[in-house]
J.: 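For reference, the structure I am asking about is given below.
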Amino acid sequence: MPDPAPRPLEHLRHTAHVMGTVFSFDLRHHPTPATHAALREAVAWLHHVDRVFSTYRPDSAVSRIGNGSMNPADAPPEVEHVLRMCERAESATRGRFSAHAGGRLDPSGLVKGWAVEQAYAILRAAGLPNSLVNGGGDIRLGGEPAPGRPWRIGIADPCRPGRLLTTVEGRDFAVATSGGAERGPHILDPRTGRSAHHLLSATVTGPDLIWADSWATAAVVLGPDAHAWIASQPGYELLTVDLDGQAARSGGFPLAGAAGDIARGEYSPAFPAGARDRAAGDWGHA
């Protein structure tokens, strides 16, 4: 007889509405008071990031720097840290990523991935490595959802709403998707100020969501050149869908062994930009 499927670990799930989207948490750990405390800390961190970086809040540090009412030197220290990372991303992408793509300060293309990465780090530091944090479709996960089994993440098909293109799997990685399939072209090419329209979607996987998120945005701008460029970023892999619906992937893209067959209770959707807000909390059931 085949070995029975491993039982999922005990878990705690939570959703939070913050930063204009839905953040979902899946902690495969016993829900002790310490587990709940770590989760509260992670959620509080996300609200702090929103207060500091939101471009929709006139009192945020980023908004005030942008309108000239705050000197960057007077902003919370994490603002300088994020802006330096944005400069690094702009340099690495040869200007395809920028915190000033729309002519004003807007580091949102990096901030959400950074916020999710740090939220996962809070959980891991609290002894909760078997966890997944999904920030509007940008995902950081670690450990295992059940003993001996990897996490499996569904990638939405931009040509067929509500259906999956493929799945990825792993135990300690990030996955981010950018594109205009749902909202139309909305990612700006910083070099021209016009919308990038070369790809329907770009999904990047790698060890850190800060860069996976940034590189996915840059890939949409790069278009057909994105695959050659991603090879210069060690540890990061790329899946793209072009305007004709043709998919292409880098050689190390972590496709699941049975792509498309997502185990119940181990599914979290990674949606192209625009579809995330509606479906980011659509979890499977163990």
J.: Do you know which two heavy atoms are closest between Ala101 and Leu188, and how far apart they sit?
T.: O-CD1, 3.8 Å
J.: Heavy atoms only: give me the nearest Gly223-His198 pair and the separation to one decimal.
T.: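 Answer, listing the atom of Gly223 first, then His198: CA-CB, 3.5 Å.
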J.: Distance check, rounded to the nearest 0.5 Å: Arg28 atom CZ versus Asp26 atom CG?
T.: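 These two atoms lie 4.0 Å from each other.
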J.: For residues Leu199 and Leu243, determine if any side-chain heavy atom of one lies less than 4.5 Å from a side-chain heavy atom of the other.
T.: no
J.: Taking C-beta and beyond as the side chain, do Glu117 and Asp208 meet within less than 4.5 Å on heavy atoms?
T.: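 Yes, at least one pair of side-chain atoms sits under 4.5 Å.
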J.: Roughly how far, to the nearest 0.5 Å, is CZ of Arg191 from CZ of Arg96?
T.: 4.0 Å
J.: Mind checking the CD1-OG spacing from Ile122 to Ser131? Nearest 0.5 Å is all I need.
T.: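 With rounding to 0.5 Å, CD1 (Ile122) is 12.0 Å from OG (Ser131).
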J.: Kindly indicate, with the supporting measurements, whether the criterion side-chain contact (heavy atoms from CB on, under 4.5 Å) is fulfilled by Val49 and Val111.
T.: CA-CA 8 Å; Val49 171; Val111 164; 3.6 Å; yes
J.: Tell me, do Phe53 and Val82 make a side-chain contact under 4.5 Å, heavy atoms counted?
T.: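 Contact flag for Phe53/Val82 side chains = yes.
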J.: List the residues meeting side chain to side chain donor-acceptor pair (under 3.5 Å) with Gln233, not counting sequence neighbours, and say none if there are none.
T.: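 Testing Gln233 for side chain to side chain donor-acceptor pair (under 3.5 Å), a comparison that skips the adjacent residues, returns none.
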J.: Say you draw a straight line from SG of Cys86 to CG of Leu105; how long is it, rounded to the nearest 0.5 Å?
T.: 8.0 Å
J.: Indicate the atoms forming the closest heavy-atom contact of Arg152 with Ala256, along with that distance.
T.: NH2-CB, 2.9 Å
J.: How are the rings of Tyr236 and Trp215 set relative to one another: parallel (under 30°), tilted (30 to 60°) or perpendicular (over 60°)?
T.: perpendicular
J.: Checking side-chain hydrogen bond (donor to acceptor under 3.5 Å, both in side chains) against Lys112, which of Asp50, Thr21, Asp138 comes through?
T.: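 The passing option is Asp138.
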J.: Within the 4.5 Å heavy-atom criterion, are Ile139 and Val116 side-chain neighbours or not?
T.: no
J.: What heavy-atom pair brings His227 and Thr240 nearest, and what distance separates the two atoms?
T.: NE2-OG1, 2.8 Å
J.: Distance check, rounded to the nearest 0.5 Å: Thr203 atom OG1 versus Ile153 atom CD1?
T.: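 CD1 of Ile153 is found 11.5 Å from OG1 of Thr203.
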J.: Tell me whether Ser98 contacts the main-chain N or O of Gly95 through its side chain, where contact means a donor paired with an acceptor under 3.5 Å.
T.: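 Not at all, since once roles are kept as given, no pair shorter than 3.5 Å links the two residues.
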J.: Decide whether Thr217 and Ser214 meet the rule of one side-chain donor and one side-chain acceptor closer than 3.5 Å.
T.: no
J.: Does the His29 side chain pair with the main chain of Asn130, one donor and one acceptor, at a distance under 3.5 Å?
T.: yes
J.: With distance as the sole test, does Asp157 use its side chain to make a donor-acceptor pair with the main-chain N or O of Leu165 at under 3.5 Å?
T.: no
J.: Any salt bridge between Asp189 and Arg194, counting N to O under 4.0 Å?
T.: no
J.: For Phe25 and Val43, run side-chain contact (heavy atoms from CB on, under 4.5 Å): C-alpha distance rounded to whole Å, both residues' side-chain angles, the deciding distance at 0.1 Å, then the answer.
T.: CA-CA 9 Å; Phe25 293 81; Val43 173; 3.8 Å; yes
J.: Determine yes or no for a side-chain-to-main-chain donor-acceptor pair under 3.5 angstrom, with Ser63 supplying the side chain and Ser54 the backbone.
T.: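 Side chain of Ser63 to backbone of Ser54: a pair is present.
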J.: Rounded to the nearest 0.5 Å, how far apart are CE of Met85 and CZ of Phe97?
T.: 9.5 Å
J.: Determine whether Leu27 and Thr35 make a side-chain contact, defined as any pair of heavy atoms from C-beta on separated by less than 4.5 Å.
T.: yes
J.: Under a 4.5 Å cut-off applied to non-hydrogen side-chain atoms, are Pro107 and Trp114 in contact?
T.: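 When only atoms from C-beta onward are counted, Trp114 and Pro107 do not touch, as no gap falls below 4.5 Å.
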J.: Decide, yes or no, whether a salt bridge links Arg64 with Asp59 under the criterion of side-chain N to carboxylate O below 4.0 Å.
T.: no
J.: Any salt bridge (charged side-chain N to carboxylate O under 4.0 Å, His left out) pairs touching residues 68-87, not counting sequence neighbours?
T.: Glu80-Arg84
J.: Report yes if some heavy atom in the side chain of Asn134 is under 4.5 Å from a heavy atom in the side chain of Phe23; otherwise report no.
T.: no
J.: Dump the intermediate steps for side-chain contact (heavy atoms from CB on, under 4.5 Å) on Ile65 and Val79, then the final yes or no.
T.: CA-CA 10 Å; Ile65 292 170; Val79 172; 3.9 Å; yes
J.: Could you pull out the closest heavy-atom pair between Ala38 and Ala126, with the gap in Å?
T.: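 Looks like CB-CB, 3.6 Å.
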J.: Are any of the side-chain nitrogens in Asp172 or Arg140 under 4.0 Å away from the carboxylate oxygens of its partner?
T.: yes
J.: Does this structure show an ion pair linking Glu144 with Arg149, if we count only N-O contacts that are shorter than 4.0 Å?
T.: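 Answer for the salt bridge query: no.
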J.: Please report the C-alpha distance between Ser60 and Thr55 in whole Å, then the side-chain angles of each, then the deciding distance to 0.1 Å, and finally whether the side-chain contact (heavy atoms from CB on, under 4.5 Å) criterion is met.
T.: CA-CA 7 Å; Ser60 75; Thr55 59; over 6 Å; no
J.: Are side-chain heavy atoms of Ser24 and Val22 found at a separation under 4.5 Å?
T.: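 Ser24 vs Val22: side chains touch.
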J.: If you take all heavy atoms of Gln118 and Trp45, which pair is closest and at what distance?
T.: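 Taking Gln118 first and Trp45 second, the nearest heavy atoms are CB-NE1, 3.4 Å.
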J.: Throw together a table of side-chain donor-acceptor distances under 3.5 angstrom for residues 244-255, partners on residues two or more places apart or in other chains.
T.:
{"from": "Ser250", "atom 1": "OG", "to": "Glu237", "atom 2": "OE1", "distance (Å)": "2.5"}
{"from": "Ser250", "atom 1": "OG", "to": "Leu238", "atom 2": "N", "distance (Å)": "2.9"}
{"from": "Ser250", "atom 1": "OG", "to": "Leu238", "atom 2": "O", "distance (Å)": "3.4"}

